[in-house]
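Accompanying notes for the structure given below.
Please read these numbers as outputs of a predicted model, since none were measured by experiment.
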Amino acid sequence: MTFRHWKAKLGHYLLLVGIVAVGVGAFNGIRQASRSASANFGLFNQAVSGRSDFLIESPTQRFGPEQLSSLGRLASDPDWHLVPVIEGSVTSLDASGQPASQLRLIGLDLLALANLPSILEDPIEFAEEESTWHEWLGSAQDVWIGRGAADKLGVEEGDSVSILASGRIMEVSVRKVLEDDDSNLGDDLVLGDLPTIQALLSRPGEVNRVEVVLARTDMREDRGYLEQIRDRLSGDLPTGMRLSPTENRAADRAAMTAAFRLNLTILSLIAILVGAYLILQALDAAVVRKRTEIATLRSLGVNGRIIFFICILEAGVIGVLGSLSGIGVGYLLALGSVGMLADTVNALYFATSMEALSLTWTDCLVGLGIGIFFSLLAGWLPARDAMSTPPAQVLSKGDWSPGFDWLRNPKTGILLLLFGALALLPPPFMMEGGSKMPVGGFLAAGAWILGAALLSGQMLVLLAGWLRPFCQGPVSRLACSRLRDGSSRHRLAVAGLVVAVGMVTGMFQMVDSFRGTIREWFDVRFQAELYISERGVTGAGNINGIDPLLMDELLEDPAIEYADVMYLCHARPKVGITLLAGVDMDAWSSRIRQIWLKQPGSLTPVEGSEPALVSETFARRFEVLEGGTVELDTPNGKKLISPVGIFTDYGNEFGTAAVSIDSWKKWTGSDRPINVSLYLKEGVNTNETRDRLRLAFPGLEVRNAKELREVALGIFEQTFQATTALNAIGLCVAFAGLLLGLLSIFDESVRTWTTLRHLGFSNRQFILSAGLEGAGIALAALVCGALAGLAMGWLLIFVINVQSFGWTLLWQIPLFDFLRFGALLLLVGFVSGCASAFYWNLKNR
Amino acid sequence: MFPIASNEDPGNGIALNLSSITKSFGEVPVLRGVDLELKSGERVALMGPSGSGKSTLLNCICGIEPVDSGEVRMAGRLLGDLKVGDLERLRRESIGYVFQSFHLLPTLTAFENVEFPAQLIGMAKEERIEKVKRLIESVGLTDRSTHLPDALSGGERQRVALARALIHRPALLLADEPTGSLDTENGNQVLKLLKTLSIEHGVALLLVTHDHASTDICDRVISMRDGSLIS
Amino acid sequence: MRITTLCFLLLPLVLQSEWIEPPTRTAKGYLVPAPDYVPVFPADHGSHRAYGIEWWYWVGHLKEKEGEREFGFQSTVFRLAGDPVEAAKPADGNFGTRQLYLAHSALSDLGEKTYLHHERVLREGWQAKVSSGDLAIKVAGIEVQMLEDGEGHQVFSRLPEEGMLKLEMHPIKPLVTFGDRGLSRKGGSPAAVSWYWTYPRLEAKGTLRYGGEEIAVQGTAWMDHEISSSQLGENLAGWDWTCVHLDDGTELKAYRLRQKDGKADPWSAVYWIDKAGRATSIYAKDFTWKEEGSWTSPDTGLSYPTSVRIEATHPTRGKLVYRIRPLIDNQEFRGNGRGNDYWEGACEAIDGNGKKIGNAYLELAGYGGSLGARLN
């Protein structure tokens, strides 16, 4: 019987399968894309040197020559290979000298590669066979690239490429294009001999890390053996270095982007939740259509449970078919969005190159699980509805609608609101890597949205009652009376829309608040005339630093009154990662404007520790809002810092601790600044100075305050691209749900339409009435959804953001956007009503 | 255009004229050459067993079902010449319908249900309210006028339906088994009201029934069998 | 040490072949070892950067001090110069481009018949440093330094699975320089000459860590230090080489330079070193090198003639027969790269009657590909 319905309404059921596919696809797609976009956690060299088993890192992720030499003895053990790696982000220049694409320069000891198991197994042809060892290394400018990179840059063997590196323009020459059939080499990867890359990055003698590759690759999965190796390595490791399994790095990087990816995942859940709502509407409509048949079966004595089972089975089949398609849809969506996500990770966190998108068994299982679960969940209500259909004799007496008493009962909604409030009481959950997950915040959000959805039926009836006196004509009176009646189907329709409206209006507030806060922060914080940084590179994790010699040259410019030079590197607290800055502490405390949470000097530093100015995120993360100490691992040993002031900073979510430049240099053993803010002398023309410096230092980015602000806001907008996209998907699904819901409502009011027809109600009046009904549902959803959205906004800004990122934002409610959205919603509601009525009319003529 | 004042009689005393109406659904003939004439104010009972085509005939009369052949004339106008909008207007202005299962609009009160057709034809508010009150009074439901249909008994609902069918002073009242869902007492009450009000309003009545007792209120009884009328 | 060594330097007693004057530099530009050069120690124990190829080579037989177990060992450090102009300059940083080193270490467990070996290829830098003024080598897992007495030296070799061999070696006999006017010739090409300095017999004592056990060992070792810029004539495919510690306190060194057609090159030679450390040599026309048995590697498929019969006519002692037999068949050193495989193993030397007359090491090189092109 069920499959005959499928055959008769194939298009309809295919649509349902499609809805599940979109929901599953959105969820899975985001998962895959964000995994791929941030999967390659900086170990780009592994495409060449193969999988490593451990990492030796310094807390600042830099090793100097002495530190590397100190590893010589450890390196001589035949049971492993130590692979030093240097990497840095640079930008290629196009023919007109403009930055074109970001590239990863990777430096490996190409000669020592010959020892590695991966190379032994699968040799790479770096040069012609007959070259001698020193001939094939080539000149100091020679690099190797994969086919993908060659195509992207439009170069072949022997061609030159200009790059911006560490503030200078350099030339590299393509020695050979490595044919990479498995596409393991990213299309932004440039490989060179280690000393070549050190020179290109102006980092003589430096490496980023040393990877450990086991000689016995067959023992890689043997935990006991790995433990042994780890003990041996740790035993001989020089001080200031740490050893960790390679997965930890992936875990670290995963932790760095955890909050970002979690937010994306939660957003993608909206798509599937709203999709579930749509399925519910559609399956519900199917039950309505089959009402007579079901009633007949009941009157023939068929048990309600069997009917329930049949409906659930139908939902399950839709779930399975939809999930299977959704896995494919997800892959396509991921293909489309991975670039955007990678750009975001690149912009905000660290260089990442997209790993080839992969579809794993886990993806398939997750997709199937999610799709089937939500389909069954969505099918439960209609199945219950079908099960409670009375026999045909009862049905013949009039329009019948399932009771859904719980929808009419406000108790559940109120309870959910209370639960949400209580969920805010416990503290956030600590995640690996030191970041926090605001579980209470997310629970409250879910509870409040659901609560609002359940109470929206009450709102519908209330609104209809208020509007009743204004509805004098037959059309408006009919529509208003139907809304005021508040049937279960009407309530269901409103509830579904409330979820989407609540999330969207909540996100409006968050984005707007963010934007407003950053603008305000900019206005206060960035008072210098010019800002100088490495050209073409973004992301905190892409720090190369500017060549110190270049910086010295720049600072001699006579137009400069004061230069605020900043040094920056990663640092390791007990858990996770943070940033350590070296700044002019006096200037930061007095001359340079900040938005202070705690003024410098208001906190007393702990004796024996280094005084530091810390960001709000840092202070919240390490719980030093009222002072205290934080221990950081540096190449010079463990250091204690103690905050003397707390500033607001929206540059990153890991926290920044700023100490004096001297201390920074001593602790890190580096002298590479990351940027400088220039305060020019009185009377000096800012833009002229900017232009002059640009010419003199073509490898440096020189911006005035306005330009810097535009860039920063651009990055900000990029962050929310994914959010906006998911919002749009959620809304589209919600509107589709409204359409289906209205159709369902009309299907159940056949008697009323028959009567009206006999009474001479015209088609036009019928459609208009339906339109008003749709608009009424949309209005109720708007009011409830907006209230829920305000609550969402508050949650996002004051709870979720603070707990996830440690940022205080200024709450802004974008009234104009709200109103515009409201008007759109009402219009869509009206049009949906009209469209449903038109379609229904056509069907039933 | 159809005249608004439905009790005008451009049909020269003939409220309804059917000639040689045939109608089939697929291969199945339902009406086979039906001829019927109803004078203004005349009350005619149409009797026949289930499946004889009575309800189909009613639907053809009010233009909801098109006929395959033959003519339906109402107050001198041929239904076949009318467009969809005109047919809707015809139903609004010239026909009153009483259903077996009442067919009240469930979300409107009794008062609002009766008022509804008057609103549809654009009757002025004061006039409308006045008329509704009087009609409701005449069917004995003044105290129940603010109740929704769910709160009314079967008999009460049918009385509301009757009032609704007459509020706009139609030329023709079609009643399809009006007592079919009622007990004897309520049924008799409704029949009595049907007769009284149709005389009072000068409305031609075509009463479809299979209950002989119902025919007492009518001037004429016609039988229908297998899609044909038998006098 | 310097003076002592100088005093003990002796040239071969018999010069058998024509003199071919070597050029100053090879075609590629590397310096060619000059004739009549008198090495100065300890400086000449160090690296000769301007020359193309160099190696320091130790092999020997060891016995457990308190026990019956016997081992053979090999530790070799090779140097290949880079660009001829740059190579002579001092080391350049942690990732130099001037010199390339290979470290080979191997251990043969003669009782268990097992063989393990290990290769690392490294550029000069943080993992490979060789002094130019002294015997001080640190290349991957091989570390060598002079002992404080100025005579002996310590060789430390790391082996897989936390293995290690640490030996202190003292020369029992003085250093021998092979060849005519101090140049050992390896073929007809004028530049195919080397300085070839050998301690033919050293007393070796030390510790072997193997199979989780620390074993005190002692035995006899052989050390070669060879410097050249063109190790083989271009027409040559490889060589078969052996050194023998005879039980009578003398030593034998013999090598067959194999031409591409399989024949022995005229510059193949046999050396006898007497108890006083004096060397006597003959060339190809006065000896034969016959293959008496071979072994095919299941890993590389190469076939090595691991049993050989050398019949040599000593200038004064007449015809002498030496048969070399491997103590373990599989002593194939498989390098990281293709074509770097060779056989180097602990053997015994027996006479024509089958009686054991000494311990030997046999090296069979070039069976996987033409070494001539690579060592020129």
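Contacts of B:Phe99 with chain A are made by side-chain atoms alone, with heavy-atom separations under 4.5 Å and no backbone atom involved. For A:Gln765, the part lying under 4.5 angstrom from a heavy atom of chain B is the side chain only. In this structure, the portions of B:Ile64 lying under 4.5 Å from any heavy atom of chain A include both its backbone and its side chain. Residue A:Arg764: no heavy atom, backbone or side chain, is found under 4.5 Å from chain B.
Contact check for A:Thr752 versus B:Pro106: side-chain heavy atoms found under the 4.5 Å cut-off. Two residues are said to be in side-chain contact when any heavy atoms from C-beta on lie closer than 4.5 Å; A:Leu759 and B:Arg91 fail this criterion.
A:Arg757 has no carboxylate O lying under 4.0 Å from a charged side-chain N of B:Glu88, or vice versa, which leaves the two without a salt bridge.
Here the side chain of B:Gln119 pairs a donor or acceptor atom with the backbone of A:Gln472 at under 3.5 angstrom.
Shown here is B:Glu126, whose CD atom has no more than 12 heavy atoms of other residues, nucleotides or ligands within 6.0 Å. Around the NE2 atom of B:His147, the shell of radius 6.0 Å holds more than 12 heavy atoms that belong to other residues, nucleotides or ligands.
Within the model, atoms CG of B:Leu105 and CG of A:Leu756 stand 5.0 Å from one another, a figure rounded to the nearest 0.5 Å.
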Item to check | Candidate pair B:Arg89 and A:Ser762, rule side-chain contact (heavy atoms from CB on, under 4.5 Å), full reasoning | outcome: CA-CA 8 Å; B:Arg89 200 175 165 186; A:Ser762 69; over 6 Å; no
Checklist entry - Going through the distances and angles, do A:Arg484 and B:Thr107 end up as a side-chain contact (heavy atoms from CB on, under 4.5 Å)? => result CA-CA 8 Å; A:Arg484 193 149 155 258; B:Thr107 57; over 6 Å; no
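Nearest heavy atoms, A:Gly760 versus B:Leu120: C-CD1, 4.5 Å. Closest non-hydrogen pair, B:Phe116 versus A:Leu478, comes out as CE1-CB, 4.3 Å.
Classification of the A:His758-B:Tyr97 ring pair by plane angle, with boundaries at 30° and 60°, yields perpendicular.
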